[in-house]
Amino acid sequence: MSTPYPFTAVVGQADLRLALLLNAVSPAVGGVLVRGEKGTAKSTAVRALSALLPQVDVVPGCRFSCAPAAPDPACPDGPHEAGAGTERPARMVELPVGASEDRLVGALDIERALAEGVKAFEPGLLADAHRGILYVDEVNLLHDHLIDLLLDAAAMGASYVEREGVSVRHAARFLLVGTMNPEEGELRPQLLDRFGLTVEVAASREPAQRVEVVRRRLAYEDDPAGFASRWAGDEHEVRARVVAARALLPKVVLGDTALLQIAATCAGFEVDGMRADIVMARTATALAAWAGRTSVGKADVRQAALLALPHRRRRAPFDAPGLDEDKLDEILDRFPDEEPEPEPEPEGPDDGGPGDGGPDGDGGGVPPQGGGPETAHAPDAPEEAAPETGDAPEPQPSAPQGGAGGAEQAAVRAAEPFRTKMLSVPGLGEGAAGRRSRARTAHGRTTGAQRPRGQLTKLHLAATVHAAAPHQKARGRSGCGLVLRKDDLRQATREGREGNLVLFVVDASGSMAARQRMGAVKGAVLSLLLDAYQRRDKVGLITFRGAGAELALPPTSSVDAAAVRLERLPTGGRTPLAAGLLKAHEVLRIERLRDPSRRPLLVVVTDGRATSAGAVGGDPRELSGRSARLLAAEGVASVVVDCESGPVRLGLAGALAADLGGPAVTLDGLRADSLAGLVKNVRTASETSRRAA
């Protein structure tokens, strides 16, 4: 086993280290979510935490880590009698993003069931993580069906398995730690709320601090064991301090003043539910215990709010989590401490080497940094010199485009987003897991069985046994085991949801340039972007105006980037509708080569007018009709968002929708609460119109 990087050798990241240590002191805090760019010591610090946790007493031979003093009466390996146990280190179990449901919760032991004819349960990762840490790297990319199972286990402290004739319940209380890069998408609110604390991390931009990161990284790579030994003293001190804080925790008093401060803070930031109050109370108590005090003060409540509330406060779509510290101080000042002010922590040493510092270092009781400036370190991600922003430089708005449609106008702000109707691609796809269109997936509900095409990946046990059962006598079966042949094996077919490529083609011409109207259009597209984020889609953005069309955002998983491009979108010029459609055809052709399994959904946002043929020439309306029919002939699922307004309507968007083979929906009709069942299948309207024709 390779030598892990020492926790106390991680340079900087005081909030991250403090949040992890508070969970080590009081697992009831509920875990921590670490958000930040790549190469910022997220995974390194989490993996190093397990070495600081106290030893765990377990029943010998129990696969579910039952405590000897109070064994689980429902343990599948039980019943156990209370008595002496054995000690082992606390486990840190990693949940891969692509793990199967069986691997997470456990399942029937297929090998023993088929070979011995017995019903045996094979534990999963939830059983391994009981009384330890469950770590999910890139937790925002975790499949929805695994998230649902995690939510159930985190809420009940137990895992229930009811499948394939197996009915098992076992304890599953663990410290949930997740890391994520916000550029790759956000978490579902239900899972986000299950993390007790959240921390934002970023690499330092100070050259001197970055030098220390590189120096330690190279020293660790050259001699991992020697590097770890130089930090062994600091590791021992922090480990001892965690044990002492755990022992002190039951004696910490959470007074009425602190409770009022917590309640007022949660109410002032309008957090939903009561979990935030409970987490803040537990965090403030752990902070006092970590500092060696038996009473909770205002400073503890303030620090607890900064860790427990940013991801729970109400915020606009695409806003990053955060907390207004001035508002926080204003709320806390209404309730002055009645208890005496806590004595300040002894100052840690200046930047010295390993062994120079004690556990009372910087960051309100965070372990010593011993020789380094405050900066990040990630031994598994050498690219510390990340750019100052996560996104590529924004393109400058294009120059005003001439034409008879009017000059370019400044960008207008989007209207308030709303919940949109469900738009989906018809048929059954096989794309990446998501939440939009029906698809054959590796996970989801089992819909049947079939003979495997190639390697067997998901055994359908009942169908396999059913296929083999009639032949047992002919095969000379004599014992309890089932005699199987390769032809008996059956593959489970499952149906779930896939993510699609949602390509927006937005009319930014002069006919859309009325400020109130364009604000409503941007609000509608922003709402669709929010829906695409929730459904795990890739998105792209094409705009057309003046003499041509522009790919404002190539297809990406970063919906935030699309929202930024949309907000800066200027308007003006003539309406080259055909150019926009042909640009969409080109983008979809390229994306089909890159990812053939991801099906596209084309969303055209326009009033249907076509006043320019661009560089192609000819009649603009005829050219746009031909371009639309080209997309329809290739089976591209489309929907037109009709932006026409005013008392006189020409119905041009409806004609465009008919050519595309999809429905047209008004801006008001796009709202989820406007009309039931509008566009579950985006081709329904086109099929109706064709039959009528």
Side-chain angles (χ1 to χ4, degrees), residues 2-25 27 29-53 89-95 132-139 174-182 195-204 209-210 212-217 219-221 224 227-228 231-232 234-235 237-239 241-242 283 286 290 306-307 354 357 359 361-384 386:
S2 61
T3 303
Y5 194 89
F7 185 86
T8 51
V10 174
V11 184
Q13 307 297 15
D15 286 342
L16 169 59
R17 292 179 287 113
L18 179 60
L20 291 172
L21 287 169
L22 292 177
N23 276 276
V25 171
V29 167
V32 59
L33 174 66
V34 187
R35 298 163 45 93
E37 60 195 19
K38 57 185 179 293
T40 49
K42 300 188 299 292
S43 300
T44 301
V46 173
R47 292 190 174 101
L49 176 66
S50 59
L52 302 180
L53 298 181
R91 291 174 180 162
M92 192 194 73
V93 177
E94 294 197 41
L95 172 60
I133 301 173
L134 182 63
Y135 172 48
V136 189
D137 194 12
E138 305 293 350
V139 63
F174 47 81
L175 181 62
L176 182 61
V177 180
T179 56
M180 60 174 283
N181 185 345
F195 287 98
L197 311 179
T198 186
V199 176
E200 294 277 346
V201 296
S204 172
Q209 296 176 349
R210 299 174 76 94
E212 183 63 25
V213 171
V214 176
R215 181 179 292 118
R216 294 193 188 184
R217 168 61 178 167
Y220 172 74
E221 284 185 342
F227 184 83
W231 292 90
D234 295 308
E235 292 281 291
E237 289 182 12
V238 175
R239 190 181 301 110
R241 186 173 176 183
V242 169
T283 305
W290 176 250
L306 293 174
L307 294 173
D362 59 288
V366 180
Q369 291 313 290
E374 294 291 304
T375 183
H377 175 63
D380 57 350
E383 60 276 286
E384 284 292 335

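The CG atom of Leu176 sits 8.5 Å away from atom CG of Leu33, with the distance rounded to the nearest 0.5 Å. Here the straight-line distance linking atom CG of Asp137 with atom NZ of Lys42 works out to 7.5 Å at 0.5 Å rounding. Separation of atoms CG (Leu49) and CG (Leu20) is listed at 5.0 Å; rounding is to 0.5 Å. Note that CG of Leu197 and OG1 of Thr283 are 4.5 Å apart. Values are rounded to the nearest 0.5 Å. Rounding to the nearest 0.5 angstrom, the gap separating the CD atom in Glu237 from the CH2 atom in Trp231 is 11.5 Å. In this structure, CZ on Arg217 lies 14.5 Å from CZ on Arg210, to the nearest 0.5 angstrom.
Under the side chain to side chain contact (heavy atoms under 4.5 Å, CB included) criterion, Pro89 pairs with Gln55, not counting sequence neighbours. Under the rule for a salt bridge (Lys or Arg N to Asp or Glu O under 4.0 Å), the partners of Glu94 that lie at least two apart in sequence or sit in another chain are Arg47. Scanning for side chain to side chain contact (heavy atoms under 4.5 Å, CB included) contacts around Ala48 gives Phe7, with sequence neighbours left out.
For the pair Arg241/Trp290, a side-chain contact is recorded, criterion being any heavy-atom separation below 4.5 Å from C-beta on. Under the 4.5 Å side-chain criterion, counting only non-hydrogen atoms from C-beta, Val238 is in contact with Leu21. Contact annotation: the side chain of Ile133 approaches that of Leu53 to within less than 4.5 Å [non-hydrogen atoms, C-beta and beyond]. A 4.5 Å side-chain heavy-atom check between Val199 and Gln13 finds every atom pair outside the cut-off.
Contact between Glu138 and Asn181 at its shortest, heavy atoms only, is OE1-N, 4.0 Å. In this structure, Thr40 and Ala203 approach most closely via the heavy-atom pair CG2-N, 3.4 Å. Summarising the geometry of Asp15 relative to Leu307, their closest heavy-atom pair is O-CD2, 4.4 Å, with the distance given to 0.1 Å. The minimum heavy-atom distance linking Thr198 with Arg35 is given by the pair OG1-CD, 3.8 Å. The two residues Ser50 and Ala90 come nearest to each other via the heavy atoms CB-O, 4.2 Å. The nearest pair of heavy atoms linking Arg216 to Ala9 is NH1-O, 2.7 Å.
In this structure, the side chain of Arg91 does not engage the main chain of Leu134 through any donor-acceptor pair within 3.5 Å. Judged purely by atom type and a 3.5 angstrom limit, Arg17 has no side-chain atom pairing as donor or acceptor with the backbone of Ala45.
Of the N and O atoms on the side chains of Tyr220 and Thr3, not one donor lies less than 3.5 Å from an acceptor on the other residue.
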Requested in this report: Check the pair Val139, Phe195 against side chain to side chain contact (heavy atoms under 4.5 Å, CB included), reporting the backbone distance first and the verdict last.
Outcome: CA-CA 11 Å; Val139 63; Phe195 287 98; 4.3 Å; yes
